[in-house]
Amino acid sequence: MKFVTVVAKPASLKFGYRRELSMADAIDRSAPGFIIPVRIDEIGPSEVPAEINDKHILDFTDGWHRGLAALVKRLEKDDVIRHANTDITASNLAVLRLDEQQKTISSNESLSSNWLCAESVPAGIRLHQFEGEPVSDRAFKGEWPARVVGKTVITFAKATDFALRKHYSGSVTSAEILLEAFLAAKCPQLPTLSARDRLSILVDIIRQGWERSMTLRGLHAYEMSNKRLSWYLPWNMSAGKQLSFTDAAGKAGRRALNGESVKLSSRWHFAVTPNVLIKPELRVGFNYTVVFTTDGLEPLEDKVKAHRFRRSFCKSWWQDRWRDMLSAYLAFIKGREPTFSIPLSPDRGISFQPHLATYIAPVSALDPVRTDLLPDDVVDSLSGDEPDVDYPPELDEQGFDNADDMEDPSL
């Protein structure tokens, strides 16, 4: 036996409903799982009765058939006896309809990734061995991407590309090795570094190059919970205007990369974190999030508040919207150049393909039923009418800030 309770704004305030729920809660304490809550409207977590606040609530707001199918499967999982034995019951139709939408169909589908693949990569990397006092790792990085190991600087730049006397005393001996040899199982020129160490160093140098390029383009950095930097356009760079882009399929579109929310008294900024992958080919994968500011420049200092904003403000943004914003972002940083490049030294850099990598899958799936579709001009206005949902603290660990690290798994 189960107690299925409807969670809705009107019901949650009625005395009779709360009395029944209190009685059911007394049973649920001795028989956990007795209460099964179902939500039928946009009631916020702060309005959910305390008796069911910690329970998994089945959602009927995305279509009755989806909610009913989920409820039937929950009852079957809990071995609740069925009194109807017919193939035409509404519950069976709901399950069949849900299962039908989950099936794949034999049809090629073009899939857009979040990978930007390298088009050209320097053939070699340079090693500079310094004599005298140890060199400053931070000082070298401030000029060109580099890593210092002992008295050796690993970089794509020449020794003369640095303001040398600021960083070392004594003479310097330079050598160049092929990038392939640098990443080999053994590297005689760097005997103390394992292949894993050298791979990690190359990832870091390329990431430094990306961050240097974003800084020169005027973008601002936001430090994520994993200490990575996510880069966004400050307000003065686009002021909420929609930016043009063309995706890998040739589809043209426009998306804003920042905007204002009157309700939240904040400005939002689409932000991107690059994750460098080396094998099997050099590419950059992107995680993305939304950063909130009050002045269009500096992120909110209260990260719990920013996370709450993000969960409520962006909850209706589907994957196609995020994908379009990423395409608009890449089009912006590329500018009028045919490809996007990051300089690693005055004479060397990495050029990337003009669009995100796409792949062809031999199977496809039916489009999901979406009841919250809105015209682009309504969604893009971002007036801040979305409810400011006050999620409990335990949900903070499930937000964008903790997105999976897309670096090479060998690191």
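These numbers come from a predicted model, not from an experiment.
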(Q) My understanding is that only residues two or more places apart in sequence, or in another chain, count here; which of them pass salt bridge (charged side-chain N to carboxylate O under 4.0 Å, His left out) with Arg217? (A) none
**Q.** Residue pairs, two or more places apart or on separate chains, that pass side-chain hydrogen bond (donor to acceptor under 3.5 Å, both in side chains) and touch residues 180-189
**A.** none
Q: Indicate yes or no: at least one non-hydrogen side-chain atom of Arg254 is less than 4.5 angstrom from one of Leu243.
A: no
(Q) Which residues pass the side chain to side chain contact (heavy atoms under 4.5 Å, CB included) test with Thr273, not counting sequence neighbours? (A) Met224, Arg228, Ser230, Asn275, Asn287
**Q.** Glu298-Thr293 side chain donor-acceptor pair, cut-off 3.5 Å
**A.** no
Q: Answer yes if the ring centres of Trp144 and Phe156 are under 6.0 angstrom apart, and no otherwise.
A: no
Q) Which residue pairs satisfy the ring pair (Phe, Tyr, Trp, His ring centres under 6.0 Å) criterion with at least one member in residues 186-210, sequence neighbours excluded? A) Trp210-Phe286, Trp210-Phe340
Q: Give a yes or no answer on whether the side chain of Arg267 reaches the backbone of Glu260 with a donor-acceptor pair at less than 3.5 Å.
A: no
Q. Which atom names give the shortest non-hydrogen contact between Ala256 and Trp268, and what distance separates them?
A. O-CH2, 3.4 Å
Q. What are the two closest heavy atoms between Tyr329 and Trp231, and how far apart are they?
A. OH-O, 3.0 Å
Q: Measure the CG-CD distance between Asn53 and Glu47 for me, rounded to the nearest 0.5 Å.
A: 11.5 Å
Q: Please list, chain by chain and in numerical order, all residues satisfying side chain to side chain contact (heavy atoms under 4.5 Å, CB included) with Ser194, sequence neighbours excluded.
A: Arg196, Asp197
Q: With sequence neighbours excluded, tell me which residues meet side-chain hydrogen bond (donor to acceptor under 3.5 Å, both in side chains) with Ser213.
A: none
Q: Measure the spacing between CG of Leu219 and NE2 of His269 and express it to the nearest 0.5 Å.
A: 11.0 Å
Q | Asp54: partners by side chain to side chain contact (heavy atoms under 4.5 Å, CB included), with sequence neighbours left out | A | none
Q) Has the side chain of Ser265 got a donor or acceptor atom that lies under 3.5 Å from a matching backbone atom of Ser261? A) no
Q: Measure the shortest side-chain to side-chain distance between Ile206 and Ile342 over non-hydrogen atoms and say whether it is less than 4.5 angstrom.
A: yes
Q) With Lys241, which residues qualify under salt bridge (charged side-chain N to carboxylate O under 4.0 Å, His left out), at least two apart? A) none
Q. Could you give all pairs that pass the side-chain hydrogen bond (donor to acceptor under 3.5 Å, both in side chains) test and reach residues 20-40, with sequence neighbours left out?
A. Asp25-Arg29, Asp28-Lys55, Arg39-Asp59
Q: Enter the distance from Leu344:CG to Ile205:CD1 here, rounded to the nearest 0.5 Å.
A: 8.0 Å
Q.
Taking the side chain as everything from C-beta on, heavy atoms only, tell me whether Tyr288 gets closer than 4.5 Å to Trp322.
A. yes
Q.
According to salt bridge (Lys or Arg N to Asp or Glu O under 4.0 Å), does anything in residues 342-352 pair up with another residue at least two apart or in another chain? List the pairs.
A. Arg126-Asp347, Glu176-Arg348
Q) For Glu337, does its backbone N or O pair with a side-chain atom of Lys334 as donor and acceptor, under 3.5 Å? A) yes
(Q) With no hydrogens and no angle check, just 3.5 Å: does a side-chain donor-acceptor pair link Ser112 and Asp247? (A) no
Q: Report yes if the side chains of Thr5 and Val38 come closer than 4.5 Å at any heavy-atom pair, otherwise no.
A: no
Q) Who are the side chain to side chain contact (heavy atoms under 4.5 Å, CB included) partners of Pro234, not counting sequence neighbours? A) His220, Asn236, Met237, Leu297
Q | Between OG on residue Ser110 and CD1 on residue Ile360, distance to nearest 0.5 Å | A | 4.0 Å
Q: List the atom of Leu183, the atom of Arg198, and the distance in Å for their closest heavy-atom pair.
A: C-NH1, 3.8 Å
Q. Between Cys117 and Phe352, does a side chain to side chain contact (heavy atoms under 4.5 Å, CB included) hold up when you go through it step by step?
A. CA-CA 6 Å; Cys117 297; Phe352 293 90; over 6 Å; no
Q. Can you find a heavy atom in the side chain of Thr289 that is under 4.5 Å from one in the side chain of Arg310?
A. yes
Q.
Nearest 0.5 Å, please: how far is CZ in Phe245 from CG in Leu257?
A. 9.5 Å
Q. Would you call the rings of Phe309 and Phe292 parallel, tilted or perpendicular if under 30° counts as parallel and over 60° as perpendicular?
A. perpendicular
Q: Please round to the nearest 0.5 Å and tell me the distance separating atom CG of Leu330 and atom OG1 of Thr246.
A: 12.5 Å
Q: Sequence neighbours left out, what passes side-chain hydrogen bond (donor to acceptor under 3.5 Å, both in side chains) with Gln208? Give chain and number order.
A: Asp204
Q | Backbone N/O of Val6 and side chain of Tyr17: donor-acceptor pair under 3.5 Å | A | yes
